[in-house]
Protein chains: 2
Amino acid sequence: MNKIVAALVQQSCSEDRDENLSKSIGYIREAAAQGADLVVLQELHGGVYFCQSEDPDRFDAAEPIPGPTTELLSATAKESNVLIVASLFEKRAAGLYHNTALVLDKDGSVAGKYRKMHIPDDPSYYEKYYFTPGDLGFTPISTSIGKLGVMVCWDQWYPEAARLMALAGAELLIYPTAIGWDPADPVKEQQRQLDAWVTIQRAHAIANGIPLLAANRVGFEPAPGENGNGITFWGNSFIAGSQGEFLAEGGNTKEELILSEIDLCRTESVRRIWPFLRDRRIDAYGGLLQRYLD
Amino acid sequence: MNKIVAALVQQSCSEDRDENLSKSIGYIREAAAQGADLVVLQELHGGVYFCQSEDPDRFDAAEPIPGPTTELLSATAKESNVLIVASLFEKRAAGLYHNTALVLDKDGSVAGKYRKMHIPDDPSYYEKYYFTPGDLGFTPISTSIGKLGVMVCWDQWYPEAARLMALAGAELLIYPTAIGWDPADPVKEQQRQLDAWVTIQRAHAIANGIPLLAANRVGFEPAPGENGNGITFWGNSFIAGSQGEFLAEGGNTKEELILSEIDLCRTESVRRIWPFLRDRRIDAYGGLLQRYLD
């Protein structure tokens, strides 16, 4: 398959799981009707971004794989004949939880899963409390449309992760995401953060000569209690081509479906003009396995 | 020193070495008069970009370090009390040549050198013929204004290189460069290439939370004989801050001095809000030392 049509679902979420998933499924059906082969949902699309505080009751929302969300989206994938990249709070065992992306192929089968490897933790994003770092490595998931380099949010800041996926044969990089602004930050700082987020991901496409898809949440979610100012999720979901060029880009404020054709053959031609993989100095990269070189 | 003033010299070059260096020195003096602490010259600023063909006579232009260019720019650094990042074709031994960046401190002393680690080779850029890959690693150069992560051109496409410099304590990333368009390429392709070049470098600043300086050549240089269409060097030299934001940016067509103040303290604050170094999965990065994972 040389060309695919990819879609990103950028939505807001409430505490009502059924409502959130119904909305996602509506967008998936719409995307399929527009010819999408692949639909990417945002990070933890089943609910609000609960990591704004550390609350033991939130673990109640975690679920196994397979489980209710897997079943629901598996049926949707099959019904709409579309591949779905979903995201959920995975319960692996009592006291052992992951932030996991799930890939459902067009026939509804589970093609594979990815457990978020890099876990953030900073004010309003207390993820280290909830999510055990992934232990499945940076392993592309083989599907009917190609090998997908699926990662999650914070992973998108790490060129190492994108590179490892590319070296393992990923044909696309895909990032379900939940990131936004602190409403108390100055507009210029907000703009720098958004620009940085877009820029570093486009750079992963460029460094590796493969397209990249980032689906981000949108809308304001207040912080529980005294835990900060809430988060204005900045949307801006986008699809970039093999040279990092924009193929489609969403806005910052509203729910939308972002859709583009992607020519997977461009990877071959782009990597011929910019043969970065040929010249990597693997003899001199040993320090990358160190925390710091002091 | 918390704040420095940095300047980039973006110039065109001819076959006349003395003319090229006189021009560079004029810009260095102008930068110093405007308060610059640091001036970055473009890649191989002493002459035309001779790698458009493979010509054994071109090795005549190589010189040892120290040698004529070192002496000339050392005197300029001392006279103007400014740190200079220069670039030259280094003759290490008969048949052994490098593409080398040279750092001259404000007192005219040689602070250190860096030998280009990643060597490109594609039509119009036949560098593998001329330059032996560097063997000094990604080692920052300690100077009176801080530790400089100096690399050269093709290195700028490798996130591994920028990361290694940052892990070794580099406070700035600096790339003397000679890159341009094939005049026969469509304008849209030219724009994608330029965007990619800017984007991936800004991403190195973002991934590592440190400022980045790229000084690029400008002007058209014809190809010798039948070796292609010549190169329109695209200039666009720029300085980015610790979040990848633009601090200063040159145009695509003319010679100019690009100058900005840089606040080195922002690295500390930016790395507190985005603590990427904390969360690197060094336990899972082993594949980065492989050519490909198959």
Side-chain angles (χ1 to χ4, degrees), chain A residues 117-123 128 133-135 137-138 154 157-164 167-169 188-189 191-193 195-207 241 243-245 272-294, chain B residues 117-123 128 133-135 137-138 154 157-164 167-169 188-189 191-193 195-207 241 243-245 272-294:
Chain A
M117 290 285 283
H118 299 95
I119 308 295
D121 200 281
D122 50 276
K128 287 193 193 295
D135 58 351
F138 302 98
W154 193 236
W157 298 95
Y158 291 85
E160 293 93 336
R163 179 71 93 201
L164 285 163
L167 293 179
K188 280 191 174 175
E189 171 62 19
Q191 195 56 46
R192 279 196 298 269
Q193 292 183 8
D195 279 354
W197 179 79
V198 170
T199 300
I200 200 164
Q201 291 183 88
R202 290 179 63 203
H204 302 330
I206 297 161
Q243 280 175 306
E245 77 280 13
R272 286 186 193 187
I273 64 160
W274 286 337
F276 304 138
L277 296 187
R278 180 192 64 191
D279 295 329
R280 295 176 66 244
R281 288 295 303 272
I282 53 175
D283 61 305
Y285 288 173
L288 294 172
L289 308 189
Q290 307 278 327
R291 180 66 61 210
Y292 199 70
L293 299 168
D294 57 4
Chain B
M117 290 286 284
H118 299 95
I119 308 296
D121 200 282
D122 51 276
K128 288 193 193 294
D135 58 352
F138 302 98
W154 193 236
W157 298 95
Y158 291 84
E160 293 94 337
R163 179 71 95 202
L164 284 163
L167 294 179
K188 280 191 175 175
E189 171 63 18
Q191 195 57 47
R192 280 195 297 270
Q193 292 183 8
D195 279 355
W197 179 79
V198 170
T199 300
I200 201 165
Q201 291 183 88
R202 291 179 64 203
H204 302 329
I206 296 162
Q243 280 175 307
E245 76 280 13
R272 286 186 194 188
I273 64 161
W274 285 337
F276 304 137
L277 296 186
R278 180 192 64 192
D279 295 330
R280 294 177 65 244
R281 288 295 303 270
I282 54 175
D283 61 305
Y285 289 172
L288 295 172
L289 308 188
Q290 306 278 327
R291 181 67 61 211
Y292 199 70
L293 299 168
D294 57 5

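Residue numbers start from 1 in every chain, and the chains themselves are labelled A, B, ... in the order their sequence lines are given, proteins ahead of strands.
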Measure across [X] and [Y] and return the closest heavy-atom pair with its distance rounded to 0.1 Å.
X        : Y        : answer
A/Trp154 : B/Pro275 : CH2-CD, 3.9 Å
B/Met117 : A/Ala284 : CE-CB, 3.4 Å
A/Tyr292 : B/Leu277 : CE1-CD1, 4.5 Å
A/Ile273 : B/Gln193 : CD1-NE2, 4.0 Å

Mind checking whether [X] and [Y] have side chains closer than 4.5 Å, heavy atoms only?
X        : Y        : answer
B/Trp157 : A/Asp279 : no
A/Ile282 : B/Gln290 : no
B/Asp195 : A/Arg202 : yes
B/Leu288 : A/Glu160 : yes
A/Asp121 : B/Arg278 : yes

Check each atom of [X] against the heavy atoms of chain B and say whether the ones under 4.5 Å are side chain, backbone, both or neither.
X        : value
A/Trp274 : both
A/Glu245 : side chain
A/Ile119 : backbone

Interface residue of largest heavy-atom contact number with chain A, from B/Gly137, B/Pro159, B/Ala205, B/Pro123, under 4.5 Å: B/Pro159
Once you round to the nearest 0.5 Å, how far does [atom1] of [X] lie from [atom2] of [Y]?
X        : Y        : atom1 : atom2 : value
A/Ile206 : B/Gln201 : CD1   : CD    : 10.0 Å
B/Phe138 : A/Tyr285 : CZ    : OH    : 5.5 Å
A/Gln243 : B/Trp197 : CD    : CH2   : 15.5 Å

Out of A/Gly286, A/Ala196, A/Gly244, which one racks up the most heavy-atom pairs below 4.5 Å with chain B? A/Ala196
Should B/Asp122 and A/Arg272 count as an ion pair when the cut-off is N to O under 4.0 Å? no
Return yes if some donor-acceptor pair links the side-chain N/O of B/Arg291 with the main-chain N/O of A/Arg280 below 3.5 Å, else return no. yes
